[in-house]
Amino acid sequence: MKYMVLIGSTAEGWDHLSKPEQDALYQKISDWWAEHAAAGEILEGHQLQPVETATTIRIARDGRTAVTDGPFVEGKEMVGGYAVIDVPDLDAAIRLMSGWPAPDVLEIRPVVDSRD
Amino acid sequence: MVDRPQVDASLEAVLREERARLTGALVRIIGDWDLAEELVQDAAVAALEHWPVDGIPRNPGAWLMTTARRRAVDRLRRHVRYRERLAELTAEATQMDTPIPTGGPLAADDRLSLLFTCCHPALSRESQVALTLRTVGGLETPAVARAFLVPEATIAQRLVRAKRKIRDANIPYRVPDVVELPPRLEQVLTVLYLIFNEGYLASSGDAPERRELAADAEWLTSLLVRLMPDEPEPMGLLALMRLHVARAAARFTQDGSMVLLAEQDRSLWDRAAIGAAQELLERALRIGRPGPFQVQAAIVAVHASAAKYAETDWAEIVALYDQLLRLQPTPVVALNRALAVGELSGPQAALEEIEPLGERLADYHLYHAARAELLRRVGRSEEALVADRRALELTDNPAEQELLRARVASADREQPS
């Protein structure tokens, strides 16, 4: 079963860390990622550029588009990356993602299986 | 023909136990909660027709399974997507036809799995409650709605949404493994205690379904104790519930107004039931893994063994609250500990302990009610009145509102403003 994990970061989680501490955390994430990708649990994913680089396109029912600066959801947490994982069930997904090494917020969403 | 009223009581108990077992088995085999529930419902209706006439079968579970299977086969044949399940179901049914001992490991697992799935942390607390009562407790949707004073459509919607999430997010149907068990068991116990309190705090003016919630929760907890006999916390919770129930007769006057612990007529307490609950608690404590529910039960047990309020062993209660605060460092526990300190060392000491909690408990009515009582005892009656008024604004419970209104009214009489 495939799940999409949205990785959200908050200011409280990262801002109080020094540059070397943040670098160490990135290294931990990278190791963790490599381990679970090798095990076939992480299919793909990426870190994203900061939210300031986001651009939103809104498409109206009549097809007209409006392009604006910024993300489409403004909140305390900002999506900083994503992963697509393949595990047997939600408990396995929770177990896997609970091992995420950084103080972030993770949203797990099942991916619609087009065979259904 | 068997005597009707005599059969009805035992029928209900047997049916309740067996339908939870059957629902669990069908969910496991079919994997479709709605269909499983429908089949169980049909089988239960058939049982209500046949059992009073033919007597309760020697193996009620097998009887229900056979009945459900017949209907399931009819239904599943019509659905292509269930074809592969059909073979499994037939095999399973044959297995169930041969008598299995009540509480056998196979049967037990199904009800446990059901309970743990209903209380999965990925479901909202409201959904956990509704699903547990509906699926494991066997309550009909309208009964759940009446008990929680919400429209039937709301409960139906909650159940639909929860079952959809179980299916679409693939929430597994099983008892969590050893590593995950402690937090998951705590979830289950929290849901059961919440259901219990909804019923226990209801007053005589409330719907009977609401008051019966306490008995429903007690039954579910006793089921959990039977299914997990080596776990001390379910036993602790069951003892806690039974200690409350044993003293319930003293909680309200004849006209339905609430009586505080200090003023209760302790001759109305059920001493035998208190003794039995204390024994159950001791059994839990002997396992040697203390937890929040065992400690809460121990606190209530100290209250229950005092012949008079004045004879309460407050030093022991404060010590138990210290332990509870270590296990569960919440402001509500700290408040209750402070009140016990007040009984031991006077209201001034308690006030000093609760003032720092004010910010975090600003919306908790019992904080303001307790603070009012303490302020009154140290002679700060104007501040007490303000606190009582705040408590009154914050509670929805009619019995508590009545008690607070009486306090505010008598304070108003004493010092006209």
Side-chain angles (χ1 to χ4, degrees), chain A residues 1-13 28 31-33 35-45 73 75-77 79-116, chain B residues 24 27-36 79-85 109-110 112-125 127-128 131-132 135 160-188 190-191:
Chain A
M1 171 111 184
K2 290 193 188 90
Y3 298 87
M4 165 84 141
V5 183
L6 297 171
I7 301 154
S9 302
T10 61
E12 300 103 78
K28 262 197 197 165
D31 295 345
W32 180 88
W33 191 287
E35 179 196 334
H36 293 286
E41 291 166 310
I42 298 177
L43 299 183
E44 59 154 320
V73 207
K76 217 158 66 93
E77 290 94 14
V79 175
Y82 75 94
V84 176
I85 61 172
D86 190 3
V87 289
D89 55 41
L90 184 65
D91 278 357
I94 292 172
R95 201 159 39 233
L96 172 65
M97 293 316 298
S98 296
W100 179 255
D104 289 325
V105 184
L106 310 170
E107 176 177 328
I108 302 173
R109 292 270 289 271
V111 170
V112 174
D113 187 341
S114 52
R115 285 169 306 175
D116 268 2
Chain B
V27 165
R28 172 165 49 80
I29 303 160
I30 305 173
D32 181 320
W33 285 58
D34 285 322
L35 183 57
H79 295 278
V80 178
R81 54 187 276 232
Y82 292 135
R83 285 238 170 95
E84 56 188 280
R85 301 279 191 185
D109 279 359
D110 277 329
L112 261 190
S113 308
L114 207 52
L115 194 53
F116 275 97
T117 307
C118 289
C119 299
H120 197 281
L123 300 171
S124 73
R125 184 49 41 91
S127 299
Q128 293 174 349
L131 206 55
T132 300
T135 313
V160 167
R161 225 180 290 143
K163 282 184 273 187
R164 194 180 296 154
K165 179 156 187 190
I166 290 173
R167 188 191 63 208
D168 292 345
N170 203 14
I171 294 179
Y173 170 72
R174 68 159 122 53
V175 178
D177 65 26
V178 177
V179 182
E180 286 164 348
L181 187 66
R184 293 287 307 279
L185 183 57
E186 203 181 308
Q187 286 265 341
V188 172
T190 302
V191 168

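All values below come from the heavy atoms of this structure, side chains included, with hydrogens, waters and symmetry mates left out. Just so we're on the same page: letters track the sequence lines, and every chain starts at 1.
- Of the two parts of A:I108, neither the backbone nor the side chain holds a non-hydrogen atom closer than 4.5 Å to a non-hydrogen atom of chain B.
- Across every non-hydrogen atom of A:P110 and B:A169, the tightest pair is CG-CA, 3.6 Å.
- Going from atom CZ of B:R174 over to atom CG of A:D89 covers 4.5 Å, rounded to the nearest 0.5 Å.
- Among all heavy-atom pairs drawn from B:R184 and A:D91, the shortest one is NH1-OD2, 3.6 Å.
- Atoms CZ and CG, from A:R109 and B:D168 in turn, are 11.5 Å apart once rounded to the nearest 0.5 Å.
- The CG atom of B:L123 lies 9.0 Å from the CG atom of A:L90; values are rounded to the nearest 0.5 Å.
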